[in-house]
Amino acid sequence: MQDRKHTPVKELLASTEVDLEVTVKGWVRTKRGNAFVQFIALNDGSTINNIQVVADMKIFSEEDLKQFTTGAAVGVAGTLVKSTGAGQTVEIQATQVFVYGVADPEKFPLQPKKHSLEFLREIAHLRFRTSTFSAVFRIRHALTFAIHKFFNDRGFYNIHSPIITGSDAEGAGEMFRVTLLNAKNPPLKEDGTVDYSQDFFGKETNLTVSGQLEAELGALALSKVYTFGPTFRAENSNTSRHLAEFWMIEPEVAFADINDNMTLAQDMLVSVVKYILENCEDDLKFLSGRLLDEEKSKPEAERSPLELIEKLKFVTENDFVRLTYTEAIEILRESKPNKKKQFNYLINEWGADLQSEHERFLVEKHFKKPVILYNYPAAIKAFYMKQNDDGKTVAAMDILFPGIGEIVGGSQREEVYEKLHRRITEVGIEEKSLWWYLETRQFGTVPHAGFGLGFERLMMFVTGMTNIRDVIPFPRFPKNAEF
RNA sequence: UCCUUCUUAGCUCAGCUGGUUAGAGCACAUGACUGUUAAUCAUGGGGUCGCUGGUUCAAGUCCAGCAGAGGGAGCCA
């Protein structure tokens with residue numbers, strides 16, 4: 001049995017031929033039956049669907065199947081036949097069985113029943129074995145592939161930006177320090193502060209919070225590049241939308257402005273969602289059903305008006321709304337919740353930062369579709385963004401998705417040396433820490449633009465999972481680095 | 001970090017205004033049943049009621065602290 005070649009369950013289920021001798025290897029999901037015949041639902045992760053193994057108890061003894069319990073790893077040889085039962089088209093009439101690894105039913109935590117996502121998060125080493133998580137992680141693979149495919153098809157080059165960075169000026173959030181210095185007794189400088197010149201890199205280093213600045217350097221030679229890698233934020237964020245370690249996609253394009261940037265982001269989102277709709281139908285159907293079940297327990301007002309697949313199609317079939325920050329403020333100021341003072345933060349004047357409740361209102365109530373907001377007040381945005389001619393806004397854009405909020409944040413970058421330099425001084429960043437970034441504005445600078453897409457946020461949208469900790473295999477968040 | 005809710009069997013939960021031996025469903029074990037679809041039916045075992053302290057004749061239940069989790073907010077992707 002061990003040396004016998006086996007066929008993935010996915011292929012067996014798709015087979016149009018029957019009466020074939022086949023071998024299958026996988027994990028037992030459930031076993032049921034009686035003294036005369038036993039049915040085993042077997043899954044090998046190649047698909048969400050199980051194959052049914054039928055064991056005629058005239059051939060097998062009870063002892064043979066005793067270890068075929070939920071979670072056990074087994075091999076089965078037999079004949080692929082048309083099923084006489086209702087739940088499946090084909091099944092395997094077993095002639096030989098083998099147990100690779102037992103799973104003591106008294107101790108194996110997964111049962112053939114619904115478990116809470118919170119419980120499964122505590123056993124992340126086993127949650128791959130559930131239908132929900134196998135579906136989520138198959139989709140995670142497909143989405144990764146679709147993103148690389150989209151950029152490759154468009155002539156982008158993938159850049160590997162560094163994970164350990166010596167730059168502390170990205171300003172995207174708190175960083176994780178990378179050091180080999182003795183925490184109890186670090187070398188000190190004369191003024192009593194830690195002397196990082198004696199550390200491994202001879203300077204302070206951290207885990208990256210963004211690959212954007214490095215991507216810009218690549219774009220100013222290769223024209224179109226993107227990064228797709230892990231990023232780290234040491235923020236004490238305890239929400240269902242934040243992780244300490246997450247994956248980000250950051251394209252950067254030379255000779256491009258804010259409008260090109262918005263178009264690229266929209267095209268990318270539509271393209272990858274389409275890819276998932278076309279290639280992950282079974283998994284999407286399962287997740288959609290799961291979501292419907294979950295929503296049944298919610299009050300009607302909180303339920304989503306569209307089921308998962310409809311929601312994805314809605315994105316691929318409708319244009320995103322584009323409007324400026326200024327227009328958004330007008331809409332919000334005149335909105336019912338603002339006039340009735342239902343917002344926690346009322347919108348009174350231009351310049352206010354938009355809160356989640358405002359973004360939600362625009363996306364979920366007012367437009368009811370993805371919204372791209374652009375031309376934000378300079379005061380509430382990062383130093384590297386292109387300063388518009390009006391003297392008060394920058395060419396920044398955010399894409400807001402229903403249920404998730406900000407999924408993309410990007411901008412045209414400031415390519416004029418003097419303007420960038422002035423802004424860096426204004427916000428109080430040490431100029432010499434960004435000498436290399438500034439220097440690109442002195443040698444062959446061009447207008448360029450890019451954005452950052454939170455991969456896990458996109459995963460949440462595509463899978464309908466509502467907690468970001470459930471769309472990454474081993475989530476990292478405050479007080480948790482298990483596994 | 002702030003607000004709020006929660007923590008009872010392996011899992012999902014019930015346990016009212018404190019009152020004798022803490023319940024259910026699923027899972028598990030045993031038995032029954034000739035094709036099941038998270039099979040069904042019967043019987044059975046299984047709990048230091050998150051941790052520490054307090055109030056009380058009496059605490060799963062009330063109070064305080066701590067820890068963890070959920071939801072919301074801030075920061076953002």
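Naming: A, B, ... by sequence-line order, numbering from 1 per chain. Below, all heavy atoms of this structure are taken into account, side chains as well, without hydrogens, waters or symmetry copies.
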Inset, instruction - Between B/rA77, B/rG70, B/rC75, spot the one nearest the side chain of A/Glu118, thanks. - result: B/rG70

Can you find a side chain N or O atom of [X] that sits less than 4.0 Å from OP1 or OP2 on [N]?
X        : N      : answer
A/Thr84  : B/rG35 : no
A/Ser240 : B/rG70 : no
A/Asn467 : B/rG71 : yes
A/Asn34  : B/rG35 : yes
A/Arg241 : B/rG72 : no
A/Arg469 : B/rG70 : yes
A/Lys66  : B/rU30 : yes
A/Arg32  : B/rC41 : no
A/Thr30  : B/rA39 : yes
A/Gln38  : B/rU36 : no

I'd like to know if [X] reaches the base of [N] with its side chain, counting only an N/O donor and acceptor under 3.5 Å.
X        : N      : answer
A/Gln111 : B/rG10 : yes
A/Ser237 : B/rC75 : yes
A/Glu91  : B/rG35 : yes
A/His242 : B/rC76 : yes
A/Glu235 : B/rU1  : no

Return the value, rounded to whole Å, for the distance between atom [atom1] of [X] and atom [atom2] of [N].
X        : N      : atom1 : atom2 : answer
A/Phe461 : B/rA77 : CZ    : P     : 19 Å
A/Lys479 : B/rG68 : NZ    : C1'   : 11 Å
A/Lys58  : B/rG35 : NZ    : P     : 13 Å
A/Lys114 : B/rA27 : NZ    : C1'   : 17 Å
A/Asn238 : B/rA73 : CG    : P     : 14 Å
A/Asn236 : B/rG68 : CG    : C1'   : 14 Å
A/Glu122 : B/rG10 : CD    : C1'   : 12 Å
A/Arg29  : B/rA27 : CZ    : P     : 16 Å

Inset, instruction - Flag this pair as yes if the NZ/CZ of A/Lys31 is under 6.0 angstrom from the six-membered ring centre of A/Phe68 and inside a 45 degree cone about the axis; otherwise no. - result: no

Using the [atom1] atom in both, what is the distance from [N] to [M], to the nearest Å?
N      : M      : atom1 : answer
B/rA27 : B/rA39 : P     : 8 Å
B/rU48 : B/rA9  : P     : 9 Å
B/rU21 : B/rU17 : C1'   : 24 Å

Cut-off 3.5 Å, no hydrogens considered: what does the side-chain donor-acceptor table look like for residues 467-474 of chain A, sequence neighbours left out?
unit_1   : atom_1 : unit_2   : atom_2 : d
A/Asn467 : OD1    : A/Arg469 : N      : 2.9
A/Asp470 : OD1    : A/Arg121 : NE     : 2.9
A/Asp470 : OD1    : A/Arg121 : NH2    : 3.3
A/Asp470 : OD1    : A/Arg127 : NH1    : 3.2
A/Asp470 : OD2    : A/Arg121 : NH2    : 2.7

Legend entry - Nucleotide paired to B/rC26 in any strand shown, Watson-Crick or G-U, under 3.5 Å: B/rG10

Inset, instruction - Tell me yes or no: between the side chains of A/Arg233 and A/Thr231, is some donor less than 3.5 Å from an acceptor? - result: no

Inset, instruction - Compute whether any side-chain donor of one residue and acceptor of the other, for A/Gln212 and A/Tyr384, lie under 3.5 angstrom apart. - result: yes

Legend entry - Side chain to side chain, A/Asn261 and A/Met397, heavy atoms closer than 4.5 Å: yes

Legend entry - Beyond-backbone contact of A/Phe383 with A/Leu434, side-chain heavy atoms, under 4.5 angstrom: yes

Would you classify [X] as touching base, sugar-phosphate or nothing, given that sugar-phosphate means primed atoms plus P, OP1 and OP2, and contacts are heavy atoms under 4.0 Å?
X        : answer
A/Phe39  : base
A/Phe451 : nothing
A/Gln93  : base
A/Lys107 : nothing
A/Ser356 : sugar-phosphate

Legend entry - Earlier contact from the 5' end, RNA chain B, for A/His115 and A/Pro112: A/His115

Legend entry - Mutual orientation of the aromatic rings belonging to A/Phe137 and A/Phe128 [parallel < 30°, tilted 30-60°, perpendicular > 60°]: tilted

